[in-house]
Amino acid sequence: MASTTASLAPAAALERLGLLAAPTDADDPSPPLPAPLPGLLPLRCAVQHYEWGRRGADSLVARLAGDGDGRPCAELWMGTHPAAPSSLAPDVSLRDWVARNPAALGRAVAARWGGDLPFLFKVLSVAKALSIQAHPDRELAAALHALRPATYRDANHKPEMAVAVTEFHALCGFAATQELKEVLRTVPEVQELVDKEESRKLLSVKEQDGGIGVRSYLKSAFTKLMTACDEAVSEAITNLKSRLKSESKARSLTKKEQLVLSLEKQYPGDVGVLAAFFLNFVKLNPGLTPKYRDVQTLCSMLTYNQAFPEILQGMPVQPYVTRYTPSTDEFEVDRYLLPPGKSVTMSPVPGPSIFIVLTGEGEIQAGFMTGSAKAKEGDVFFVPANTKVKLYTSCPRSMQLYRAGVNSSFLS
């Protein structure tokens, strides 16, 4: 990655980043003034090599990080997460630097989130489906962390937003009651694992009864499915495959049925294949947005609310910039799509930002920099609070960047 401090000696570079005290006159008793914050900090970011990630040139994460060792490259982490914090220089983590320079977060962010970034920015390259995941709310997250810190390492809740940079498929949230009833009527393999009594309860629910009864029956049915023994699950999936193969000769399979068969090829015999029937199937087009296996905690912590996930179209905030703003305070994401020869300026905001260049190349200028830094595919920059940023394109094709920052509604 390009660095505005590349020509400095290591100690001088650290001083520029505010990690070393500036030398003072021994005869001057006054305390040294705090070092001014840099406008731009190039980051080195960690790659997570989860098994579901893409490999080699097929992985956007591998291309962005320059990781070519052949292992699956699933996620690029940009931020201060203690498991894999980004770094500014050898042996200098962004987490430590922010702790020593809380002004980089802005006053409101530092006060609210204890001197740390409230978000983790990621790029994902997905080759296979991820396991079923559920994130606890703040209260449950704190309780689980206190009870089993080795398993639940984070005491915070984890609201998430995905912005598709290619077509992206996801299962998110429980399907509506009518769809669940249809599953129980037409997928005997699921009904058998849920058992007839639980199926009868869910099938008897009326839409006008309200959500509480539905949630209770749904929780019971879903828990029955997820806790079924491996032998029963394997047999059910075998029967499902056989039935769909036969029926496909006489009719077109539904999108959900096609998805389930695709999941089975990736994870033969896994109960998650059948759980897909309970969830909403979402397809995101580019630019749009919605581990350890602890089944009992998963089933008990879910709210069982039935709602299709919110799809954010993004709002233009200025030419070439689209903003995706969720309902949570912790973050928002901007997409910058600059045509050749164009520029855009981000006015100072009272919170920190992280930029990543996804495609193209150009230049970036921030704060009191006298010049600009090169910005090319894979470069990641941390920008402190209250810093003006200007981006320029300098190649024949467009430059695409993404910015993560604290939700502007919290900062306003």
Side-chain angles (χ1 to χ4, degrees), residues 129-134 136 140 169-282 292-309:
L130 285 67
S131 59
I132 295 175
Q133 299 180 17
L140 182 57
H169 295 174
L171 291 163
C172 186
F174 284 102
T177 301
Q178 197 56 43
E179 183 177 341
L180 293 174
K181 288 183 177 183
E182 190 67 17
V183 167
L184 293 175
R185 292 191 189 104
T186 62
V187 188
E189 298 83 7
V190 170
Q191 186 183 69
E192 184 176 343
L193 291 181
V194 167
D195 90 28
K196 291 182 179 179
E197 180 60 21
E198 298 300 337
S199 296
R200 184 193 64 77
K201 291 177 182 177
L202 203 49
L203 285 168
S204 67
V205 167
K206 294 181 174 58
E207 295 287 350
Q208 58 266 33
D209 288 347
I212 296 177
V214 177
R215 288 199 294 270
S216 174
Y217 297 147
L218 175 55
K219 177 179 180 178
S220 182
F222 188 70
T223 302
K224 281 272 189 180
L225 174 69
M226 295 298 294
T227 56
C229 69
D230 292 343
E231 293 78 8
V233 170
S234 180
E235 181 180 356
I237 292 176
T238 298
N239 294 339
L240 175 67
K241 286 173 57 184
S242 177
R243 179 175 62 81
L244 292 181
K245 181 179 180 181
S246 175
E247 292 183 8
S248 68
K249 298 174 182 178
R251 66 175 179 88
S252 297
L253 299 182
T254 66
K255 291 181 179 180
K256 183 68 75 70
E257 288 170 336
Q258 295 174 40
L259 171 68
V260 164
L261 292 178
S262 174
L263 292 174
E264 192 280 331
K265 290 180 181 178
Q266 298 176 20
Y267 299 99
D270 193 292
V271 69
V273 173
L274 299 173
F277 281 111
F278 280 72
L279 306 175
N280 293 305
F281 180 36
V282 183
Y292 169 81
R293 186 176 179 187
D294 186 351
V295 174
Q296 291 295 343
T297 301
L298 167 72
C299 294
S300 64
M301 71 186 276
L302 295 173
T303 62
Y304 295 93
N305 290 326
Q306 296 164 275
F308 199 79

Measure the [atom1]-[atom2] distance between [X] and [Y] for me, rounded to the nearest 0.5 Å.
{"X": "Leu130", "Y": "Gln266", "atom1": "CG", "atom2": "CD", "answer": "10.0 Å"}
{"X": "Phe277", "Y": "Thr254", "atom1": "CZ", "atom2": "OG1", "answer": "7.0 Å"}
{"X": "Glu179", "Y": "Phe174", "atom1": "CD", "atom2": "CZ", "answer": "12.5 Å"}
{"X": "Glu182", "Y": "Leu203", "atom1": "CD", "atom2": "CG", "answer": "10.0 Å"}
{"X": "Leu259", "Y": "Phe281", "atom1": "CG", "atom2": "CZ", "answer": "5.0 Å"}
{"X": "Ser242", "Y": "Ile237", "atom1": "OG", "atom2": "CD1", "answer": "13.5 Å"}

Original post:
Is a side-chain N or O of Gln258 found less than 3.5 angstrom from the main chain of Leu253, in a donor-acceptor match?
Top reply: yes
Point to revise | Any donor-acceptor pair under 3.5 Å from Ser204 side chain to Lys201 backbone | key: yes
Non-hydrogen atoms of [X] and [Y] that approach each other most closely:
{"X": "Val194", "Y": "Ser199", "answer": "CG1-OG, 3.7 Å"}
{"X": "Val214", "Y": "Thr177", "answer": "CG1-OG1, 3.5 Å"}
{"X": "Ala176", "Y": "Asn280", "answer": "N-OD1, 4.4 Å"}
{"X": "Val233", "Y": "Gly269", "answer": "CG1-O, 3.6 Å"}
{"X": "Ala236", "Y": "Glu189", "answer": "O-CG, 3.3 Å"}

* Step by step, would you call Arg243 with Val187 a side chain to side chain contact (heavy atoms under 4.5 Å, CB included)? -> CA-CA 10 Å; Arg243 179 175 62 81; Val187 188; 3.9 Å; yes
From the list Asp270, Val273, Leu244, side-chain contact (heavy atoms from CB on, under 4.5 Å) partner of Glu264 resolves to Val273
Check this for me: does any side-chain nitrogen of one of Glu257 and Arg251 sit under 4.0 Å from a carboxylate oxygen of the other?
yes
Does NZ belonging to Lys224 count more than 12 external heavy atoms closer than 6.0 Å?
->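 No, not enclosed.
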Check the pair Lys241 / Thr238 against side chain to side chain contact (heavy atoms under 4.5 Å, CB included), numbers first and verdict last.
-> CA-CA 5 Å; Lys241 286 173 57 184; Thr238 298; 5.8 Å; no
Could you go through Leu263 and Leu171, starting from their C-alpha distance and side-chain angles, then the distance that decides it, and tell me whether this counts as side chain to side chain contact (heavy atoms under 4.5 Å, CB included)?
CA-CA 11 Å; Leu263 292 174; Leu171 291 163; 4.2 Å; yes
_Applying side chain to side chain contact (heavy atoms under 4.5 Å, CB included) to Tyr217 and Leu180, what does each step give before you reach the verdict?_
CA-CA 11 Å; Tyr217 297 147; Leu180 293 174; over 6 Å; no
